[in-house]
**Student:** 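Sending over a structure as structure tokens; questions will come in a sec.
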Amino acid sequence: MDNIKLKTKIDFFSMAGVLVVAGIIVMVNILANYAVIRIDLTKNNIYSLSPASKRLLRKLDDRVLIKAYFTKNITPPYSTYRDYLKDLLAEYKTYSRGMVNYTFVPDTDEDNFLQEARSYGIPSLRFQEIRRDKFEVKEGVMGLAVLFEDNSEVIPVVRGVDSLEYDLTSRILKLTRDSRKTLGLITGFDALDITERNQEINENLRQQYDVVKFTMEEDEEIPENIDALILIGPQETISQEALFAIDQSVMKGRPLFAAVNGFKADLERFNATELRTGLEELLKSYGAGLKPGMVIDANAQNIAIRQQQGMFSIQNIVPYFFVPLVKDISQDSPVIKDLEAISTPFVKAIDFDADKNKDIIFNPLARSSNQSWVRTIYNISPYSRLSPGAQEELKSEVLIATLEGSFKSHFAEKEIPEKFANAEVLKESVKNRILVSGSGYMFNDSYPIMPSNMVFLLNAIDWVLQDEALIGIRSKDIKFRPIGEVANWKRVVFKNVNLLLMPLLLILYGLFR
């Protein structure tokens, strides 16, 4: 009898334990529908939503629907995109507190599925597949439609997972924001037109802003509806009328992003000539003077050059000292802090006089290494053997910086152009912001630059427009992982160990046998 009672008691507790475990499993599954719990061990959490996306999602006050048109039995590696997208959209739903909903449209009726996808502008794609010694070409789609009120935005093709968060968040932002800001791009005086030069930059800018281009030549004026000005690498002398118009624009409170080309660099002949456009003097009035000479840095971008050795032409990878590889990056500014390196071809150093500009907040964003020096130089051949001279100091130089505060007009104590003789001259600005780069070449892909340079360009434009919602999303996947410098003796040891260790082990094993 006692054994029967004991068995009954054990059975009861076993059943209770099973029920408790089952209850826990049910509760975990219920909670999982309302919360996404993931552990992301990557640096900068590249597989988790960025703080910028989370802030935007928490502010949503109306519903956003994301319709995913993704052919189910799609070939690898595209099938993995679908799995990643599911997890990502679950996070969007969670952090938006249900304001973002999503659905994967079923592709059971293939014709209707493809037709509905095409109605949103999602194209059909052809995928090649080899199965059981059979080659097949299949038709499918993998795109997204983001719907808000009566408007929609489309990601026509999911080309990878790296930029998917940025693509989604930027489209949600575009649909839900009340108004769009206008960027004024000065293209005259042989300045770089970034929208013509780089199609991806053009698409990213026009996704979020209205872009107005003008030359300021032949008495063209700055449009009144501009929210910020950008001028990159002019290579011709800027007229006094244009300088006055830019100066007064800054005085009125329009932020300015200016990148200076201090040299005209010819990569065919490998020579550089000093360049003065007038932009240097304007920036100096605001506190950002430019040192004479070019920054040369032993920590430089690598380039491929061909050298003739006898009858053979050999390609070598060498550091190009005239293109500093900048790793000393400010961690205080969202504009650049998530970028690990950028390159700055033919750059001038920025010289800020703190005593003369006590009311200006000067924030260096990027510095050259402590193995850099400044020299007036005209031969920029990668074959040159360079080292600092006796009068040249090895030290870190500021290459990119922001300035914030109330700026003094460049024309406060100068004669203004005759065209503006009757205009009211503002001699001091309201509180404003300026971003200055000592190289305009760093945004021109005809020169040795890194992909992270273009991310910095977009971040910088967001900063001057005071629209920092997307900063931090672009740059979290842009990582630079170079092999560190290794001492010569270590190289010799590693080389000989790799060459000799395995044969030696085989010999020892053979002797042992």
**Student:** Is the closest basic N to carboxylate O distance between Lys181 and Asp210 below 4.0 Å?
**Tutor:**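 A salt bridge is absent here (no side-chain N lies under 4.0 Å from a carboxylate O).
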
**Student:** To check you understand the geometry: which heavy-atom pair defines the closest contact between Phe443 and Leu192, and what is its length?
**Tutor:** O-CD2, 3.5 Å

**Student:** Other residues, nucleotides and ligands only: do more than 12 of their heavy atoms fall within 6.0 Å of CD on Gln331?
**Tutor:** yes

**Student:** Using distance alone, with no hydrogens and no angle criterion, decide if Asp193 and Thr187 have a side-chain donor and acceptor under 3.5 Å apart.
**Tutor:**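 No, no side-chain donor-acceptor pair sits under 3.5 Å.
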
**Student:** Any idea which heavy atoms bring Pro364 and Ser330 closest together, and the distance?
**Tutor:** O-CB, 3.4 Å

**Student:** Take atom CZ in Arg177; do more than 12 heavy atoms of anything else shown fall under 6.0 Å from it?
**Tutor:** yes

**Student:** Between the side chains of Ser53 and Thr169, does any donor sit under 3.5 Å from an acceptor?
**Tutor:**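 Looking only at side-chain atoms, Thr169 and Ser53 do form a donor-acceptor pair, the distance falling under 3.5 Å.
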
**Student:** Check this for me: Glu418, atom CD, are more than 12 non-hydrogen atoms of other residues, nucleotides or ligands nearer than 6.0 Å?
**Tutor:**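 Open.
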
**Student:** With ring pair (Phe, Tyr, Trp, His ring centres under 6.0 Å) as the test, pick out the partner of Phe362 among Phe352, Tyr286, Phe407.
**Tutor:** Phe352

**Student:** Indicate yes or no: does Arg367 engage Glu397 in a salt bridge with an N to O separation below 4.0 Å.
**Tutor:**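 Salt bridge: no.
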
**Student:** Does the gap between the ring centers of Phe420 and Phe244 come in under 6.0 Å?
**Tutor:** yes

**Student:** Counting only heavy atoms not in Lys284, do more than 12 fall under 6.0 Å of its NZ?
**Tutor:**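 No, the 6.0 Å shell around NZ holds no more than 12 heavy atoms from other groups.
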
**Student:** Hey, are Ser381 and Asn379 close enough side-chain-wise for a donor-acceptor pair under 3.5 Å?
**Tutor:**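 Per modelled atom types, Asn379 and Ser381 side chains form no pair under 3.5 Å.
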
**Student:** Counting only heavy atoms from other residues, nucleotides and ligands, does the tally under 6.0 Å from NZ of Lys59 exceed 12?
**Tutor:** no

**Student:** Taking atom types as modelled, is there a side-chain donor on Arg276 or Thr237 under 3.5 Å from an acceptor on the other?
**Tutor:** no

**Student:** Apply ring pair (Phe, Tyr, Trp, His ring centres under 6.0 Å) to residues Tyr441 and Tyr447 and explain how you reach the verdict.
**Tutor:** CA-CA 7 Å; Tyr441 294 112; Tyr447 295 85; 4.6 Å; yes

